[in-house]
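Since the structure comes first, as structure tokens, the remarks are kept for the end.
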Amino acid sequence: MEKGKSVFGHIFKGFNRSSQHDEDISLAEECNRAEDAVIKIENLNIYIRNNHILKNVNLTLHDKKITCIIGPSGCGKTTLLRSINRMIDTTEHLRVEGRVLVSGEDIYDHKAEITHIRKKIGLLSQRPTPLPMSIYDNITYGCRIHGVRSRKVLDATVEKYLKGVNLWEEVKDRLHSPASALSIGQQQRLCLARGLAVEPQFILADESTSALDPISSKHIEDLFAKLRERYGIIMVTHTLRQALRIADYVVFMYMGEVIEQGTAEELFKNPQHELTKQYLSGVFS
Amino acid sequence: MLILTGLSLFLLVAIGIGLFFKSRLILSEHSLWDLLSGSAWKPLSGEFGFLPFIVGTLFVTALSIAIALPISLLSAIFLTEYASSWVKRVVFPIFDILAGIPSVVYGVWGTLIIVPWIADKLGPRFVDYTSGYTVLASGIVLGIMILPILVSLLIEIFTIVPQDYREASASLGATKWQTCSKVILRKAMPGIVAAVVLSISKAFGETIAVLMVCGNYAAIPRSLFDPCYPLPALIANNYGEMLSLPLYESALMFAAFILFFIILVFNIISRWILRNIERSYKM
């Protein structure tokens, strides 16, 4: 029953969109975006088999800010990130305790609808994964599965989001050629545009620049800085300098626990915890 | 190693040439076109028309794939994408066992179950009379025979599609089925075609099980409820019995040559198709 209702909701949304245009689209989006859009993580514990991967995590992630999750390898950064859009669900022998509230909705509630959650929270993975189809179809994939059919709307979406990631000029003449033919940096921007095209509130980035060359990496970073005006961005990063450059908030994790969190300024200039100091000064990494 | 590889290539060519030489006798008596397009099969009065056999072979093979492909695609998708790990642990070996059952067992099963079912239950709804030994029975038995192989191959193919694609699609809010039908099937397309080609090649040559249920009647089948007589069955049924007639022996060799040729051409065409698919889905 619920499923039917939400599918209908998607279709209805599609109709709404097809009757409006460019500026109207962004206006409508703006209205849809609740002002108090935040992600609240409360007492989150995650076990895989019997390993305690995340230990009692409490966090608030803000809209229209960049939050960087830092910490040594294997500290649970990625698990934390993947728990925010329930991408960890595919893991076997998984046990989750606690709550993750996205705009007040507990995504681990048994009534929560997983596709709806993921639509609200985009994911940019470590390596770009263009879907096995054309550039155009990659961007419109999300819109299509959510029921948008109008060619006009789809065309507009492709142009808007490719421009948004500064890819339009490079690919506008070959929108229908395979996405895999793009360079890896272009692919990552394409994947970002694809994620944005379903109009999420948040973007999760899992070391999204680590597989890229320095120039492409800077491209993505600049885009994040620009996108912060409209989206909440939560990124896992290995490079402290990257966090220094763009983070508004920083979360430091160690062995599955959040050791310290705060604004970038506080945390980098005046770390409170001994482990944070050591990590920032490069005692371990 | 190079020599061994060369040897297997040589064997292929040798078989082709051998069959061709053996069938020269019949080719000298009848024109190639008459042999391929003739539908009268009266060996004792010197009439050799191969059309019924060729049509029978193609008909039965096509039917078996039409039956096996949808079932095996859905099974493979279910087993790789939906089933929990204990279901996989139970079901995978079952397919291996099914694949290992000798074809004569499938033939007996077809004769005892499928043939009477078609003759008594299914046939009378569509046609006045059918013996049950039909194209349909052959297609069903053959389809079920290639099913386990096709499923195993497809599972293999779906498993090697990187997890990243599933995540990329899911992270955009796609359901599992949307991910399967729009991304995984697409990504796996070259592999699926290759798997189908492999099973069709096997289906072309499958002899015993088909021979037991096809009816062995040399006429072009007009419907699913007519008997048929595929090439392998023709060869297996008559070879050894009719060697006293040189022309007949040559005719059977020619039948083998046609089969050899069909499989060869089919493989070449499918390779070409595969290359094109790989290019158009370039990944």
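Bear in mind the structure is a predicted one, so any value in this text is a computation, not a measurement. Below, chain A is the first sequence line, B the second, and so on; all start at residue 1.
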Over 12 non-hydrogen atoms of neighbours within 6.0 angstrom of CZ in A:R127:
no
Looking only at atom types and distance, does a side-chain atom of B:Q178 sit under 3.5 Å from a main-chain N or O of B:T175, one as donor and one as acceptor?
yes
What part of A:R86 is in contact with chain B, defined as an atom under 4.5 angstrom from a non-hydrogen atom: side chain, backbone, both or neither?
neither
Between the side chain of A:Q186 and the main-chain N/O of A:S183, is any donor-acceptor distance below 3.5 Å?
yes
A:I114 versus chain B, the contacting section by heavy-atom distance below 4.5 Å:
neither
Using heavy-atom distances under 4.5 Å, tell me whether B:S169 contacts chain A through its side chain, its backbone, both, or neither.
both
Checking heavy atoms, do the side chain of A:R82, its backbone, both or neither come under 4.5 Å from chain B?
side chain
Under a 4.5 Å heavy-atom cut-off, does chain B meet the side chain of A:E92, its backbone, both or neither?
side chain
Does atom CG of B:L11 have more than 12 heavy-atom neighbours from other groups under 6.0 Å away?
yes
Do any N or O atoms from the side chain of B:N276 and from the backbone of B:W272 form a donor-acceptor pair under 3.5 angstrom?
yes
Report yes if the distance between the aromatic ring centroids of A:Y231 and A:F202 is under 6.0 Å, otherwise no.
no
Side chain from CB out, backbone as N, CA, C, O: work out which of these in A:T129 comes under 4.5 Å of a heavy atom of chain B, or both, or neither.
both
When B:R166, B:Q163, B:E167 are compared by non-hydrogen pairs under 4.5 Å with chain A, the top option:
B:E167
